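One structure below.
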There are 2 protein chains.
Amino acid sequence: MATTKTRNSQRTPCEQCPLRKLEHFRNFTPEELEFVSNFKTGELAVDAGATILVEGSHSAHLFTVLSGWGFRYKMLDDGRRQILNYMMPGDLIGLQGSLMGEMQHSIEALSPVTLCVFERDKLGGIFRNHADLAYDLTWIAAREERILDENLLSIGRRSALERAAYLLAFLYQRAKALQLFDGQRVSIPITQQHVADTLGLSIVHTNKTLKKLGERKMIRWADKGCDILDDKGLMQLAGWDGYKEKKRPFI
Amino acid sequence: MATTKTRNSQRTPCEQCPLRKLEHFRNFTPEELEFVSNFKTGELAVDAGATILVEGSHSAHLFTVLSGWGFRYKMLDDGRRQILNYMMPGDLIGLQGSLMGEMQHSIEALSPVTLCVFERDKLGGIFRNHADLAYDLTWIAAREERILDENLLSIGRRSALERAAYLLAFLYQRAKALQLFDGQRVSIPITQQHVADTLGLSIVHTNKTLKKLGERKMIRWADKGCDILDDKGLMQLAGWDGYKEKKRPFI
DNA sequence: CGATCCGTTGACCTGCGTCAACATATGTGG
DNA sequence: CCACATATGTTGACGCAGGTCAACGGATCG
């Protein structure tokens with residue numbers, strides 16, 4: 001498995017950050033932009049399959065995803081794995097570890113990923129000098145909490161078919177907001193093993209469940225990825241309304 | 001079901017807050033104490049079974065639990081319920097709703113509960129004038145996230161017996177840190193229905209699972225509550241190490 | 001060209017759900 | 001004071017959603 005990490009000097013100046021052009025994110029004031037630009041110490045390119053952060057470690061950095069997909073997960077001693085959430089452009093990772101010391105989960109890249117690198121030690125400066133950004137940080141943590149709440153509801157109380165529908169609708173909504181189109185459709189770069197480990201199901205049953213969604217023309221499983229054909233149908237099946245976020249902050 | 005809420009003028013001055021005497025919480029500087037004292041606008045007493053916050057509402061307040069137990073949950077349209085986490089003294093509730101607008105979960109009291117009331121509109125003042133408290137807010141949100149991560153792992157990948165063991169060990173650890181002893185043992189004021197809705201199981205299976213833990217002398221189910229007899233055994237069974245929090249902030 | 005990863009399918013098994021009945025406590029209105 | 005209702009816990013019989021095992025096909029890659 002590829003695990004190369006490449007450290008570069010800063011390549012994309014924050015002023016030209018491609019994410020800021022998206023409707024989805026809130027605008028920054030020039031001062032904020034300058035501060036963040038200063039906060040950013042570099043960029044990191046990571047191969048698909050590489051581990052970005054490991055449970056049990058104490059990282060000196062936190063990151064914002066600039067491009068690519070990843071996921072957060074925890075494991076039990078005997079190898080059972082639970083995927084907690086997915087990371088997409090604009091997502092901040094490692095905040096939990098930065099605030100509380102040791103990482104309690106791992107993060108892995110699903111595709112090639114580019115990361116903006118921040119120093120954990122400079123986090124305090126945000127709270128001391130940039131109330132708005134500090135507020136954003138808390139907002140970002142609350143957003144993650146909200147997503148986990150919905151995931152818990154899903155795994156605890158939805159059937160396999162409903163769970164799968166929820167997951168795919170959820171990923172679709174996020175990808176769409178970021179305009180991650182692949183031609184006309186939104187394509188999600190995960191394997192059925194990832195779906196299984198997210199939903200708390202076995203691979204075999206996951207396969208059969210996804211096939212049912214395929215028969216209903218809601219999705220199409222392409223090689224190593226999934227196309228969403230009918231997001232409304234998925235949402236209805238799961239009994240999920242979607243998030244109504246207008247603009248989102250990001251660091 | 002009782003749903004009385006009683007609003008009082010401030011009774012417990014923050015300077016004499018009983019929670020601050022606990023080893024478990026970090027100390028405040030006098031300035032912080034004064035600010036929080038000012039931030040607090042009153043107290044609320046709530047009966048067991050009362051709903052404190054409702055999914056879909058926009059609350060103008062957030063609260064810190066001063067005494068008593070409660071829980072956070074979400075429901076599906078057809079009535080299926082998932083308990084997300086439990087609230088105990090020192091826990092901040094309603095932050096998610098305050099930051100993001102609409103509440104996406106409900107909160108209910110398990111026992112009579114006393115709450116410190118804060119105005120949502122004054123939250124901004126914390127970020128603008130009290131960097132340390134703002135940091136604490138983010139820390140508190142990250143802590144909730146960490147707990148949800150572990151819950152997800154539990155529901156997604158642990159067996160019924162392991163899940164139950166984890167839940168009870170988890171509640172025990174928290175209760176113990178707050179010195180919520182009932183004589184010698186820690187007693188947890190929940191019904192088996194709550195356990196079922198937390199673990200994503202049916203009541204019948206929950207009953208049989210708890211019975212097994214009882215046969216192993218790890219717990220004893222008293223009327224409407226649970227005594228923990230062997231927390232180490234529960235943790236080992238669940239494959240859970242516990243949280244190693246030393247001191248915790250609270251607002 | 002074997003090795004590895006990923007998806008697919010069928011046969012069979014089991015952990016947990018559902019249904020149903022019953023026990024005990026507590027409360028409530030008459 | 002009784003009659004009844006509701007909340008909680010307990011237990012057994014039975015069914016099914018989802019797990020496990022096993023085999024196979026296609027794609028990709030050193």
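The sequence lines fix the lettering, A, B, ..., with proteins before strands; numbering per chain opens at 1. Note that this is a predicted model, so its numbers are computed, not measured.
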Ion pair B:Arg157/A:Asp78, N-O distance below 4.0 Å: no
B:Gln193 vs D:dG9: side-chain N/O to OP1/OP2 distance below 4.0 Å: no
Ring geometry between B:Tyr243 and B:Trp240 (parallel below 30°, tilted from 30 to 60°, perpendicular above 60°): perpendicular
Summary of protein contacts for nucleotides 13-22 of chain D, nucleotide by nucleotide, where a base hit scores B, a sugar-phosphate-only hit scores S (4.0 Å, heavy atoms): B----BSBB-
Atom-to-atom span, CG of B:Leu210 to P of D:dT8 - whole angstrom: 15 Å
Polar contact flag, side-chain donor to acceptor under 3.5 angstrom, A:Thr12-A:Glu43: yes
Integer-rounded Å distance: C:dT8 C1' and A:Glu215 CD: 12 Å
OP1 or OP2 of D:dG9 under 4.0 Å from side-chain N/O of B:Asn207: no
Rounded distance in Å - CH2 (A:Trp221) to C1' (C:dC5): 14 Å
Over-ring placement of B:Arg174 relative to B:Tyr86, 6.0 Å and 45° cut-offs: no
Nearest-Å distance for atom pair NZ/P, residues B:Lys211 and C:dG15: 18 Å
B:Asn85 and B:Glu144: side chain donor to acceptor below 3.5 Å: yes
Value in whole Å for how far the C1' atom of C:dG7 lies from CG of A:Leu213: 16 Å
Heavy atoms from other residues, nucleotides or ligands near CD of A:Gln193 exceed 12 (cutoff 6.0 Å): yes
